[in-house]
Amino acid sequence: MTRASRWEKPLRYLLMLLVLAITVGPFLWQLSTSLKDTTEDIYTSPPRFLPQHPTGHNYAEVADTIPVWDYALNSLKVATAAVLTNLVGAAMAGYALARLRFRGRRAAGLAFVLALLVPVESIVIAQLTLVRDLHLNNTLVAVVLPGSVSALNVLLMRNAFAALPYETEEAAVIDGANAWQRFTRIALPSVRGTLAVVAIFAFMGAWDDFLWPLIVLSDQDRFTLTVGLDYLHGTFTQNPRLVAAGTVIAVAPLVVMFACLQRYFFRGVGEGAVKG
(Lines give C-alpha, C1' and ligand atoms only; values in the text may rest on other atoms or scores of the structure.)
Protein backbone atom coordinates (compact mmCIF):
# COMPACT_ATOMS: atom_id res chain seq x y z
CA MET A 1 0.00 0.00 0.00
CA THR A 2 1.41 3.36 -1.05
CA ARG A 3 1.50 6.38 1.21
CA ALA A 4 -1.09 8.17 -0.95
CA SER A 5 -3.54 5.27 -0.74
CA ARG A 6 -3.20 5.15 3.07
CA TRP A 7 -4.31 8.79 3.30
CA GLU A 8 -7.04 8.46 0.69
CA LYS A 9 -9.67 6.77 2.85
CA PRO A 10 -9.28 9.01 5.96
CA LEU A 11 -9.34 12.08 3.71
CA ARG A 12 -12.50 10.86 2.03
CA TYR A 13 -14.25 10.37 5.38
CA LEU A 14 -13.01 13.76 6.55
CA LEU A 15 -14.53 15.44 3.51
CA MET A 16 -17.80 13.56 4.04
CA LEU A 17 -17.95 14.73 7.66
CA LEU A 18 -17.25 18.29 6.55
CA VAL A 19 -20.07 18.21 4.00
CA LEU A 20 -22.38 16.65 6.60
CA ALA A 21 -21.57 19.41 9.10
CA ILE A 22 -22.22 22.13 6.52
CA THR A 23 -25.54 20.69 5.32
CA VAL A 24 -27.04 19.23 8.49
CA GLY A 25 -25.36 21.46 11.09
CA PRO A 26 -27.63 24.53 10.66
CA PHE A 27 -30.78 22.44 11.01
CA LEU A 28 -29.48 20.73 14.15
CA TRP A 29 -28.59 24.13 15.60
CA GLN A 30 -32.10 25.41 14.88
CA LEU A 31 -33.53 22.29 16.52
CA SER A 32 -31.35 22.84 19.58
CA THR A 33 -32.35 26.52 19.78
CA SER A 34 -36.03 25.67 19.54
CA LEU A 35 -35.72 23.44 22.62
CA LYS A 36 -34.03 26.04 24.84
CA ASP A 37 -36.10 27.93 27.39
CA THR A 38 -36.02 31.65 28.04
CA THR A 39 -33.68 31.31 31.02
CA GLU A 40 -30.91 29.90 28.86
CA ASP A 41 -28.58 32.22 26.96
CA ILE A 42 -28.38 31.19 23.29
CA TYR A 43 -25.48 33.56 22.58
CA THR A 44 -22.92 31.99 24.92
CA SER A 45 -19.29 31.87 23.87
CA PRO A 46 -18.28 29.19 23.11
CA PRO A 47 -21.72 28.15 21.82
CA ARG A 48 -23.55 25.46 23.78
CA PHE A 49 -25.15 22.99 21.41
CA LEU A 50 -27.25 20.87 23.79
CA PRO A 51 -30.01 22.65 25.72
CA GLN A 52 -29.61 22.51 29.50
CA HIS A 53 -33.36 22.25 30.15
CA PRO A 54 -35.12 21.03 26.96
CA THR A 55 -38.67 22.27 26.59
CA GLY A 56 -41.41 22.19 23.99
CA HIS A 57 -42.92 25.48 25.16
CA ASN A 58 -41.57 27.35 22.12
CA TYR A 59 -43.62 25.17 19.76
CA ALA A 60 -46.78 25.77 21.77
CA GLU A 61 -46.09 29.51 21.80
CA VAL A 62 -45.69 29.56 18.00
CA ALA A 63 -49.09 27.88 17.69
CA ASP A 64 -50.58 30.44 20.08
CA THR A 65 -49.03 33.39 18.23
CA ILE A 66 -50.07 32.50 14.68
CA PRO A 67 -52.41 29.82 13.21
CA VAL A 68 -49.41 27.73 12.23
CA TRP A 69 -51.38 24.51 11.82
CA ASP A 70 -53.86 26.18 9.46
CA TYR A 71 -50.92 27.44 7.42
CA ALA A 72 -49.38 23.97 7.47
CA LEU A 73 -52.67 22.48 6.24
CA ASN A 74 -52.75 24.96 3.35
CA SER A 75 -49.17 24.04 2.46
CA LEU A 76 -50.06 20.36 2.64
CA LYS A 77 -52.98 20.88 0.25
CA VAL A 78 -50.77 22.74 -2.21
CA ALA A 79 -47.91 20.24 -1.97
CA THR A 80 -50.22 17.22 -2.35
CA ALA A 81 -51.85 18.73 -5.43
CA ALA A 82 -48.42 19.54 -6.89
CA VAL A 83 -47.26 15.96 -6.35
CA LEU A 84 -50.33 14.49 -8.05
CA THR A 85 -50.26 16.85 -11.03
CA ASN A 86 -46.52 16.37 -11.53
CA LEU A 87 -46.74 12.59 -11.30
CA VAL A 88 -49.54 12.43 -13.86
CA GLY A 89 -48.42 15.24 -16.17
CA ALA A 90 -44.67 14.57 -16.11
CA ALA A 91 -45.15 10.82 -16.59
CA MET A 92 -47.46 11.24 -19.57
CA ALA A 93 -45.33 13.94 -21.20
CA GLY A 94 -42.11 12.03 -20.54
CA TYR A 95 -43.51 8.86 -22.06
CA ALA A 96 -44.71 10.72 -25.13
CA LEU A 97 -41.28 12.29 -25.66
CA ALA A 98 -39.44 9.01 -25.13
CA ARG A 99 -41.66 6.44 -26.87
CA LEU A 100 -44.19 8.01 -29.20
CA ARG A 101 -43.35 9.19 -32.70
CA PHE A 102 -44.99 12.45 -33.69
CA ARG A 103 -44.12 15.59 -35.61
CA GLY A 104 -42.39 18.18 -33.46
CA ARG A 105 -41.17 15.75 -30.81
CA ARG A 106 -37.61 17.11 -30.86
CA ALA A 107 -38.88 20.68 -30.70
CA ALA A 108 -41.05 19.79 -27.71
CA GLY A 109 -38.09 18.21 -25.93
CA LEU A 110 -35.97 21.29 -26.65
CA ALA A 111 -38.74 23.51 -25.28
CA PHE A 112 -38.65 21.67 -21.95
CA VAL A 113 -34.87 22.08 -21.80
CA LEU A 114 -35.11 25.80 -22.55
CA ALA A 115 -37.81 26.15 -19.87
CA LEU A 116 -35.18 25.20 -17.28
CA LEU A 117 -33.11 28.23 -18.30
CA VAL A 118 -35.88 30.79 -17.75
CA PRO A 119 -35.65 32.51 -14.34
CA VAL A 120 -38.88 32.34 -12.38
CA GLU A 121 -38.70 36.05 -11.58
CA SER A 122 -38.87 36.94 -15.27
CA ILE A 123 -42.30 35.34 -15.79
CA VAL A 124 -43.97 36.21 -12.47
CA ILE A 125 -45.86 39.18 -13.97
CA ALA A 126 -47.15 37.05 -16.85
CA GLN A 127 -48.25 34.34 -14.44
CA LEU A 128 -50.03 36.84 -12.23
CA THR A 129 -51.83 38.34 -15.23
CA LEU A 130 -52.94 34.90 -16.38
CA VAL A 131 -54.19 33.96 -12.92
CA ARG A 132 -56.21 37.17 -12.68
CA ASP A 133 -57.71 36.63 -16.13
CA LEU A 134 -58.80 33.16 -14.97
CA HIS A 135 -60.31 34.71 -11.80
CA LEU A 136 -58.16 32.47 -9.62
CA ASN A 137 -56.33 35.19 -7.76
CA ASN A 138 -56.09 34.68 -3.97
CA THR A 139 -56.82 30.94 -4.19
CA LEU A 140 -54.73 27.86 -3.48
CA VAL A 141 -55.42 26.72 -7.05
CA ALA A 142 -53.46 29.72 -8.27
CA VAL A 143 -50.56 28.69 -6.03
CA VAL A 144 -50.49 25.19 -7.52
CA LEU A 145 -51.02 26.11 -11.16
CA PRO A 146 -47.53 27.40 -12.23
CA GLY A 147 -45.75 24.36 -10.76
CA SER A 148 -48.33 21.76 -11.69
CA VAL A 149 -45.96 20.19 -14.24
CA SER A 150 -42.25 20.93 -13.88
CA ALA A 151 -39.98 20.85 -16.92
CA LEU A 152 -37.28 19.14 -14.88
CA ASN A 153 -39.66 16.37 -13.86
CA VAL A 154 -40.73 15.86 -17.47
CA LEU A 155 -37.10 15.43 -18.53
CA LEU A 156 -36.44 13.02 -15.66
CA MET A 157 -39.39 10.88 -16.72
CA ARG A 158 -38.39 11.12 -20.36
CA ASN A 159 -34.91 9.78 -19.65
CA ALA A 160 -36.25 7.04 -17.39
CA PHE A 161 -38.66 5.83 -20.08
CA ALA A 162 -35.97 6.11 -22.78
CA ALA A 163 -33.72 3.77 -20.77
CA LEU A 164 -36.28 0.94 -20.85
CA PRO A 165 -35.65 -1.87 -23.39
CA TYR A 166 -37.81 -1.59 -26.49
CA GLU A 167 -38.25 -5.38 -26.60
CA THR A 168 -40.76 -5.33 -23.75
CA GLU A 169 -43.07 -2.92 -25.55
CA GLU A 170 -42.62 -4.67 -28.89
CA ALA A 171 -43.94 -7.85 -27.32
CA ALA A 172 -46.91 -5.91 -25.95
CA VAL A 173 -47.60 -4.43 -29.41
CA ILE A 174 -47.66 -7.94 -30.88
CA ASP A 175 -50.17 -8.91 -28.20
CA GLY A 176 -52.40 -6.01 -29.29
CA ALA A 177 -51.68 -3.47 -26.52
CA ASN A 178 -52.25 0.16 -27.42
CA ALA A 179 -50.11 3.10 -26.28
CA TRP A 180 -52.12 3.72 -23.12
CA GLN A 181 -51.92 0.06 -22.06
CA ARG A 182 -48.17 0.00 -22.68
CA PHE A 183 -47.81 3.17 -20.65
CA THR A 184 -49.84 2.04 -17.63
CA ARG A 185 -49.01 -1.68 -17.51
CA ILE A 186 -45.39 -1.84 -18.68
CA ALA A 187 -43.65 1.53 -18.56
CA LEU A 188 -44.95 3.02 -15.30
CA PRO A 189 -44.23 -0.02 -13.07
CA SER A 190 -40.65 -0.04 -14.41
CA VAL A 191 -39.84 3.55 -13.34
CA ARG A 192 -41.22 3.64 -9.81
CA GLY A 193 -37.91 4.99 -8.53
CA THR A 194 -38.09 8.01 -10.83
CA LEU A 195 -41.70 8.57 -9.83
CA ALA A 196 -40.49 8.79 -6.22
CA VAL A 197 -37.88 11.37 -7.27
CA VAL A 198 -40.55 13.42 -9.03
CA ALA A 199 -42.81 13.21 -5.98
CA ILE A 200 -40.03 14.42 -3.67
CA PHE A 201 -39.01 17.27 -5.97
CA ALA A 202 -42.62 18.38 -6.45
CA PHE A 203 -43.41 18.24 -2.74
CA MET A 204 -40.26 20.14 -1.77
CA GLY A 205 -40.78 22.78 -4.44
CA ALA A 206 -44.39 23.42 -3.45
CA TRP A 207 -43.77 23.26 0.30
CA ASP A 208 -40.75 25.61 0.23
CA ASP A 209 -42.11 28.08 -2.31
CA PHE A 210 -42.34 31.59 -0.90
CA LEU A 211 -42.31 34.21 -3.66
CA TRP A 212 -45.30 33.08 -5.70
CA PRO A 213 -47.70 32.43 -2.76
CA LEU A 214 -46.66 35.80 -1.30
CA ILE A 215 -47.65 37.53 -4.55
CA VAL A 216 -50.87 35.72 -5.35
CA LEU A 217 -52.38 35.34 -1.85
CA SER A 218 -53.84 38.25 0.11
CA ASP A 219 -56.14 36.67 2.73
CA GLN A 220 -54.32 35.45 5.81
CA ASP A 221 -56.53 32.37 6.15
CA ARG A 222 -55.16 31.13 2.79
CA PHE A 223 -51.47 31.70 3.56
CA THR A 224 -49.10 28.79 3.18
CA LEU A 225 -46.67 28.00 5.98
CA THR A 226 -43.67 29.81 4.51
CA VAL A 227 -45.67 32.97 3.89
CA GLY A 228 -47.40 32.82 7.25
CA LEU A 229 -44.16 32.49 9.21
CA ASP A 230 -42.48 35.31 7.34
CA TYR A 231 -45.54 37.56 7.36
CA LEU A 232 -45.46 37.63 11.16
CA HIS A 233 -41.69 37.69 11.39
CA GLY A 234 -41.85 40.97 13.31
CA THR A 235 -43.52 39.08 16.13
CA PHE A 236 -40.49 36.81 16.36
CA THR A 237 -37.84 39.51 16.18
CA GLN A 238 -37.11 39.54 19.91
CA ASN A 239 -37.30 35.77 20.37
CA PRO A 240 -35.15 33.67 18.04
CA ARG A 241 -36.33 30.55 19.88
CA LEU A 242 -39.75 30.96 18.24
CA VAL A 243 -38.13 31.51 14.85
CA ALA A 244 -36.21 28.26 15.32
CA ALA A 245 -39.37 26.42 16.38
CA GLY A 246 -41.23 27.68 13.30
CA THR A 247 -38.34 26.61 11.09
CA VAL A 248 -38.37 23.09 12.53
CA ILE A 249 -42.14 22.85 12.01
CA ALA A 250 -41.68 23.86 8.36
CA VAL A 251 -38.81 21.45 7.69
CA ALA A 252 -40.14 18.39 9.56
CA PRO A 253 -42.56 17.18 6.82
CA LEU A 254 -39.76 17.27 4.23
CA VAL A 255 -37.53 15.15 6.46
CA VAL A 256 -40.33 12.63 7.07
CA MET A 257 -41.19 12.38 3.38
CA PHE A 258 -37.59 11.86 2.31
CA ALA A 259 -37.07 9.24 5.04
CA CYS A 260 -40.06 7.29 3.73
CA LEU A 261 -39.02 7.48 0.06
CA GLN A 262 -35.23 7.49 0.26
CA ARG A 263 -34.71 3.96 -1.06
CA TYR A 264 -36.83 4.76 -4.11
CA PHE A 265 -35.13 8.13 -4.47
CA PHE A 266 -31.60 6.77 -4.91
CA ARG A 267 -32.82 4.11 -7.31
CA GLY A 268 -34.76 6.71 -9.25
CA VAL A 269 -31.74 9.01 -9.63
CA GLY A 270 -30.12 6.26 -11.69
CA GLU A 271 -33.27 5.63 -13.74
CA GLY A 272 -33.73 9.28 -14.63
CA ALA A 273 -30.09 10.24 -15.02
CA VAL A 274 -29.43 12.54 -17.97
CA LYS A 275 -27.74 10.69 -20.80
CA GLY A 276 -25.64 12.25 -23.47
Who are the side chain to side chain contact (heavy atoms under 4.5 Å, CB included) partners of V149, not counting sequence neighbours?
-> V154
N/O donor to acceptor pairs below 3.5 angstrom from side-chain atoms of residues 116-132, sequence neighbours left out:
residue: S122; atom: OG; partner: P119; partner atom: O; Å: 2.6
residue: T129; atom: OG1; partner: I125; partner atom: O; Å: 2.9

Donor-acceptor pair, D209 side chain versus G205 backbone, under 3.5 Å?
-> no
Flag yes if F223 and L214 sit in one hydrophobic cluster, no otherwise; membership is Ile, Leu, Val, Met, Phe, Trp, Tyr, and two members link when side-chain heavy atoms are under 4.5 Å apart.
-> yes
From CE (M157) to CG (L97), nearest 0.5 Å = 11.5 Å
Hey, does the side chain of T224 reach the backbone of N74 with a donor-acceptor pair shorter than 3.5 angstrom?
-> no
Flag the pair D219 / R222 as yes when at least one side-chain heavy-atom distance between them is below 4.5 Å, and no otherwise.
-> yes
Determine, using the 4.5 Å side-chain heavy-atom cutoff (strictly less than), whether M204 and L84 are members of one ILVMFWY cluster.
-> no
Does P189 offer a backbone N or O that forms a donor-acceptor pair with the side chain of R192 under 3.5 Å?
-> yes
Transitively linked via ILVMFWY side-chain contacts under 4.5 Å: L73 with V68?
-> no
Going by side-chain heavy atoms closer than 4.5 Å, which hydrophobic residues are tied to V256, directly or by a chain of links?
-> none
State which residues pass side chain to side chain contact (heavy atoms under 4.5 Å, CB included) with I42; sequence neighbours excluded, sorted by chain then number.
-> T33, K36, P240, R241
Are F102 and V113 joined in one hydrophobic group, where the rule is that I, L, V, M, F, W and Y side chains link up if heavy atoms are under 4.5 Å apart?
-> yes
Can you list every ring pair (Phe, Tyr, Trp, His ring centres under 6.0 Å) pair that touches residues 75-101, not counting sequence neighbours?
-> Y95-F161, Y95-F183
Give the intermediate values and the outcome of side-chain contact (heavy atoms from CB on, under 4.5 Å) for residues W180 and M92.
-> CA-CA 10 Å; W180 180 255; M92 295 177 66; 4.1 Å; yes
Any donor-acceptor N/O pair, W207 side chain to A250 backbone, under 3.5 Å | yes
Just by distance, do the side chain of T85 and the backbone of S148 share a donor-acceptor pair under 3.5 Å?
-> yes
Assess whether atom CH2 of W29 is packed by more than 12 heavy atoms of other residues, nucleotides or ligands within 6.0 Å.
-> yes
How many angstroms lie between atom CG of L156 and atom OG1 of T194, to the nearest 0.5 angstrom?
-> 7.0 Å
How long is the span from the OG1 atom in T139 to the CG atom in L145, to the nearest 0.5 Å?
-> 8.5 Å
Which atom names give the shortest non-hydrogen contact between G228 and I66, and what distance separates them?
-> O-CD1, 4.3 Å
Working for side-chain contact (heavy atoms from CB on, under 4.5 Å), residues F112 and R158 | CA-CA 11 Å; F112 281 108; R158 182 263 174 199; over 6 Å; no
Which pair of heavy atoms, one from E40 and one from H53, lies closest together, and at what distance?
-> OE1-N, 4.0 Å
For S150 and G147, indicate whether the former's side chain and the latter's backbone hold a donor-acceptor pair under 3.5 Å.
-> no
Please report the closest heavy-atom contact between L87 and A199, naming both atoms and the distance.
-> CD2-N, 4.2 Å
If you group Ile, Leu, Val, Met, Phe, Trp and Tyr by side-chain heavy-atom gaps below 4.5 Å, do F201 and L211 land in one group?
-> yes
Between CG of L35 and CG of L50, what distance do you get to the nearest 0.5 Å?
-> 10.0 Å
Could you tell me whether a side-chain N or O of N178 sits under 3.5 Å from a main-chain N or O of Q181, the two making a donor and an acceptor?
-> yes
Does V248 offer a backbone N or O that forms a donor-acceptor pair with the side chain of Q30 under 3.5 Å?
-> no
Short side-chain to backbone donor-acceptor contact, D37 and P54, under 3.5 Å | no
Identify, with sequence neighbours excluded, every residue that meets ring pair (Phe, Tyr, Trp, His ring centres under 6.0 Å) alongside Y59.
-> none
Heavy atoms of other groups near R105 CZ, more than 12 under 6.0 Å = yes
Start with the C-alpha gap between N86 and F203, add the side-chain angles, then the distance that decides, and say whether side-chain contact (heavy atoms from CB on, under 4.5 Å) holds.
-> CA-CA 10 Å; N86 271 276; F203 190 92; over 6 Å; no
Minimal non-hydrogen separation, P213 against V143, with atom names = CG-CG1, 3.9 Å
Heavy-atom side-chain contact between P146 and W212 under 4.5 Å = yes
Taking all heavy atoms of N58 and all of S34, pick out the closest pair and write down the distance.
-> ND2-O, 2.7 Å
Nearest-0.5 Å distance, OG1 of residue T226 to OH of residue Y71 | 11.0 Å
Working to the nearest 0.5 Å, report the span between CG of L20 and OH of Y13.
-> 13.5 Å
Which heavy atom of L195 sits nearest a heavy atom of A91, and at what distance?
-> CD2-CB, 4.4 Å
Under the side-chain contact (heavy atoms from CB on, under 4.5 Å) rule, what do D221 and D70 come out as? Steps first, then yes or no, please.
-> CA-CA 8 Å; D221 58 348; D70 293 338; over 6 Å; no
